[in-house]
Student: 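Provided herewith is a single structure, encoded as structure tokens, for subsequent inquiry.
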Amino acid sequence: MDFTEKTIQKDYKFRGRIMTVRVDQAELPNGKPCVREVCEHPGGVGVLPIDENGMVTLVRQFRYPYGETILEIPAGKMDHGPENAEACGRRELEEETGLSAEQMIPLGEIWPSPGFMDERLFLFCAKGLTQGETHPDEDEFVERVRMPFAELCELVRTGAIKDAKTVAAVGKVLLLRLAGDAGCAEV
């Protein structure tokens, strides 16, 4: 069966710095009309850096929509026009943590909320790390947090970390066995 819904008309309601919101008139596979609300986003990258000792570097920052300070992997949006995902990941990793990486191992692409958003988020595992200076954006206040990968796994397992990109990156690192001996005890 063809599940494709046909777009009839797009009505843009808001154009912001981070996203655009539109309400579409569409047609269902059975020919009936429907309304679809869509949040357009330029996409982003998340990077899970793991050093040779199995330590990860995360960032702690306040996330306004949830009103909470959370722990997550370094990440950012593709805001320099059409951009290579790896180049964006390297930039965000350095800006937020001061780390540069010899290797950026692709972990794949995730769609954070495909019911209403078109964001594509590319994940990487950074290896061969060198510490330098951070260069956060002027509206970005982050704290670097280092911990063993196994501790990060436990925070994901218990639900202490709810950030989807962090949870997905940890899962992909485990599935691809990229953490070596630093992997979680029970997978």
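Note that the structure is a prediction, hence the values are computed from the model and not measured. Excluded from the calculations below are hydrogen atoms, water molecules and symmetry mates; all remaining heavy atoms, backbone and side chain alike, are included.
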Student: Output yes when a side-chain donor or acceptor of Ser113 lies under 3.5 Å from a complementary backbone atom of Gly115, and no otherwise.
Tutor: no
Student: Applying side-chain contact (heavy atoms from CB on, under 4.5 Å), run through Leu107 and Leu178 and close with a yes or a no.
Tutor: CA-CA 10 Å; Leu107 300 177; Leu178 295 174; 3.6 Å; yes
Student: In Å and rounded to the nearest 0.5 Å, what is the CD to CD distance from Glu119 to Glu40?
Tutor: 12.5 Å
Student: Look up atom OG1 in Thr7 and atom CG in Asp24, then write down how far apart they are to the nearest 0.5 Å.
Tutor: 5.5 Å
Student: Does the distance from a Lys or Arg side-chain N to an Asp or Glu carboxylate O, for Glu68 and Arg63, drop under 4.0 Å?
Tutor: no
Student: Atom NZ in Lys127, atom CG in Leu129: separation rounded to 0.5 Å?
Tutor: 8.5 Å
Student: Given the rule in the salt bridge (Lys or Arg N to Asp or Glu O under 4.0 Å) test, do Arg90 and Glu94 qualify, once you have shown the distances and angles that lead to the verdict?
Tutor: CA-CA 6 Å; Arg90 287 181 181 279; Glu94 184 177 340; over 6 Å; no
Student: Just verifying a value: how many Å separate Asp51 CG and Gln131 CD, rounded to the nearest 0.5 Å?
Tutor: 10.0 Å
Student: Passes salt bridge (Lys or Arg N to Asp or Glu O under 4.0 Å), Glu143 versus Arg60? Steps please.
Tutor: CA-CA 5 Å; Glu143 173 188 23; Arg60 186 184 323 274; 3.1 Å; yes
Student: Distance check, rounded to the nearest 0.5 Å: Thr57 atom OG1 versus Leu48 atom CG?
Tutor: 9.0 Å
Student: Calculate, to the nearest 0.5 Å, the distance between atoms CZ and CG belonging to Arg144 and Leu99 respectively.
Tutor: 7.0 Å
Student: Within 45° of the axis and under 6.0 Å from the centre of the six-membered ring of Phe122, does NZ or CZ of Arg120 qualify?
Tutor: no
Student: Tell me if a side-chain donor or acceptor on Asn30 pairs with a main-chain N or O of Lys32 at a distance below 3.5 Å.
Tutor: yes
Student: Determine whether Asp118 and Trp111 make a side-chain contact, defined as any pair of heavy atoms from C-beta on separated by less than 4.5 Å.
Tutor: no
Student: Distance-only, no hydrogens or angles: does the Asp2 side chain make a donor-acceptor pair with backbone N or O of Thr4 under 3.5 Å?
Tutor: yes
